[in-house]
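Report on one structure; see the data block that follows.
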Number of protein chains: 2
Amino acid sequence: MTRKKLPAMSPSETEILRLLWSLSSGTVQDVCDRLPPGREIAYATVQTLLRRLEKKGYVTHQAKGKAHVFSPTARRENVIRRSVTDFVDKLFGGDPVPLMLHLVDETHLSHDDYERLKKIIDQAGRQDKREPKQG
Amino acid sequence: MTRKKLPAMSPSETEILRLLWSLSSGTVQDVCDRLPPGREIAYATVQTLLRRLEKKGYVTHQAKGKAHVFSPTARRENVIRRSVTDFVDKLFGGDPVPLMLHLVDETHLSHDDYERLKKIIDQAGRQDKREPKQG
DNA sequence: TGACAAATTTTACATTTGTACGAATAATAA
DNA sequence: TTATTATTCGTACAAATGTAAAATTTGTCA
């Protein structure tokens, strides 16, 4: 299946799509309710953003009573992968390592987070040895 | 000293500023020469971007012969910190941990990178224990 | 069935972004 | 000093973005 490459999302669109993911699916109102305190944008604005996301292919909707229930179409993983790649390209010339170092340095992590991270890194590192060059 | 908060950079501006960092300072032409192959934008475009960066306060210039030599004013660390924070806010609701996990998972790292990362994480984790709540 | 409320659609609009041409200017070589 | 060349400056402009008011439609309750 030729998975079409969707047009890039704007930051605000990204923000909205994230909220929709956290809801699985929802109406404009639902998304509005998820806006964090301090981030106040009008209902109509959220709606515009959802419409644009739909036009770009990131979400779809289905009528439910008088309201529209929106749901994400693109897989979260894929969208994130692309966003991260773009970001790393612009700010780090494509090399993710400096970003990782930055994150570890700048983030206050809980002990659990450290353990989890270490574990994952260990795993990834070991896997790396087992599959030296497989695509 | 009340360090003023600079207006956000656009992705293209970020890209250009990154190149300027890598040069320490340089003319429009210098920056153009640093554009990676495949990324071709006109001299005049680069110039506009630098001009806008200057207006926003990220770079400054000084005349050197007939050319202008641009140099970054904002500290790289700070700009990166802010960019990363913004990005994490939009895509992960402010929690950097999922981004770290994603990066470790998705990135093909060299053995050295793994070691380096592990070391840094260990260090950060230990430091975390020694300073339980100091700002 | 008619009024009311909730939601959508339509339309709008200032700003930012990406991109660049052409004119002006300054250095330089002849 | 003049022609040439490199470089900036001013200007432009379509598309994307952030934001939303106004108009309209659609359920729903009395």
Side-chain angles (χ1 to χ4, degrees), chain A residues 5-20 23 25-36 38-71 82-83 86-87 89-91, chain B residues 5-20 23 25-36 38-71 82-83 86-87 89-91:
Chain A
K5 194 171 59 182
L6 305 157
M9 284 184 291
S10 79
S12 289
E13 286 163 0
T14 306
E15 191 188 2
I16 295 302
L17 181 55
R18 192 185 73 78
L19 298 179
L20 197 59
L23 289 163
S25 73
T27 66
V28 176
Q29 193 58 60
D30 294 336
V31 174
C32 283
D33 295 344
R34 277 292 165 107
L35 285 169
R39 174 57 167 147
E40 281 164 33
I41 52 182
Y43 182 101
T45 304
V46 172
Q47 197 158 29
T48 298
L49 264 357
L50 280 169
R51 192 154 21 89
R52 287 180 185 168
L53 279 170
E54 182 160 29
K55 171 154 286 172
K56 290 187 180 179
Y58 288 97
V59 313
T60 189
H61 80 268
Q62 110 194 67
K64 176 83 178 184
K66 68 183 155 188
H68 285 184
V69 176
F70 291 85
S71 26
R82 247 199 66 194
S83 302
D86 285 357
F87 179 71
D89 281 352
K90 296 295 176 188
L91 196 57
Chain B
K5 194 170 59 181
L6 306 157
M9 282 184 292
S10 79
S12 288
E13 285 163 1
T14 305
E15 191 187 1
I16 295 302
L17 182 53
R18 192 184 74 78
L19 298 179
L20 197 59
L23 288 163
S25 73
T27 66
V28 176
Q29 193 58 60
D30 293 336
V31 173
C32 282
D33 294 343
R34 277 292 166 107
L35 284 170
R39 173 60 167 145
E40 281 164 33
I41 52 184
Y43 182 101
T45 303
V46 173
Q47 195 159 30
T48 299
L49 263 358
L50 280 169
R51 194 147 23 91
R52 287 179 185 168
L53 279 170
E54 181 160 29
K55 171 154 285 172
K56 291 189 180 179
Y58 288 97
V59 313
T60 190
H61 79 267
Q62 110 194 68
K64 176 84 180 182
K66 70 182 156 187
H68 285 186
V69 177
F70 290 86
S71 27
R82 248 201 65 195
S83 302
D86 285 356
F87 179 71
D89 281 352
K90 298 292 177 190
L91 195 58

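Treat the numbers as computed from the prediction; the structure is a model and nothing was measured.
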[X] [atom1] - [N] [atom2] separation (whole Å):
X     : N      : atom1 : atom2 : answer
A/H61 : C/dA7  : NE2   : P     : 15 Å
A/E13 : C/dT17 : CD    : C1'   : 14 Å
B/E15 : C/dT19 : CD    : C1'   : 13 Å
B/I16 : C/dT16 : CD1   : P     : 20 Å
A/E40 : D/dA20 : CD    : C1'   : 15 Å
A/E54 : C/dT10 : CD    : C1'   : 16 Å
B/K55 : D/dT11 : NZ    : P     : 12 Å
B/D33 : D/dT7  : CG    : C1'   : 14 Å

Checklist entry - How far apart are the C-alpha atoms of A/L50 and A/V46, what are their side-chain angles, what is the distance that settles it, and do they pass the side chain to side chain contact (heavy atoms under 4.5 Å, CB included) test? => result CA-CA 6 Å; A/L50 280 169; A/V46 172; 4.2 Å; yes

Checklist entry - Looking across every strand, which nucleic acid part, if any, lies under 4.0 Å from B/K56 by heavy atom: base, sugar-phosphate, or nothing? => result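 Touches sugar-phosphate only.
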
Checklist entry - How is A/K64 classified with respect to the nucleic acid when contacts are heavy atoms under 4.0 Å: base, sugar-phosphate, or nothing? => result nothing

[X] vs [N]: side-chain N/O to OP1/OP2 distance below 4.0 Å:
X     : N      : result
B/Y43 : C/dC21 : no
B/R39 : C/dT19 : yes
B/S10 : C/dT16 : no
B/S12 : C/dG18 : yes

Checklist entry - B/H68 side chain: which of D/dC9, C/dA20, D/dG18 is closest? => result D/dC9

Checklist entry - Hey, what's the ring geometry for B/H68 with B/H61, parallel, tilted or perpendicular (30° and 60° as the breaks)? => result parallel

Checklist entry - Taking the six-membered ring for Trp, are A/F87 and B/F87 parallel (under 30°), tilted (30 to 60°) or perpendicular (over 60°)? => result parallel

Using atom types as modelled and distance alone, determine if a side-chain donor or acceptor of [X] lies under 3.5 Å from a backbone N or O of [Y].
X     : Y     : result
A/Y58 : A/P7  : yes
B/D89 : B/D86 : no
A/K56 : A/A8  : yes
B/R82 : B/L6  : yes

Checklist outcome for this item: Separation between CD (B/E15) and CG (B/L20), nearest 0.5 Å, reads 13.0 Å

Item to check | Among A/T60, A/L53, A/V28, side-chain contact (heavy atoms from CB on, under 4.5 Å) partner for A/F70 | outcome: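 The option that passes is A/V28.
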
Which pairs, protein N/O on one side and nucleotides 23-30 of chain C N/O on the other, fall under 3.5 Å?
from	atom 1	to	atom 2	distance (Å)
C/dA27	OP1	B/G65	O	3.3

Item to check | Pairwise side-chain contact, B/T48 with B/R51, heavy-atom cut-off 4.5 Å (strictly under) | outcome: yes

Checklist entry - Under a 4.0 Å heavy-atom cut-off, which of residues 44-53 of chain A touch DNA chain C? => result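 Heavy-atom cutoff 4.0 Å gives A/Q47, A/R51.
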
Item to check | First of A/A42 and B/F70 reached from the 5' end of DNA chain D, by closest nucleotide | outcome: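 By nearest-heavy-atom nucleotide position, the 5'-most residue is B/F70.
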
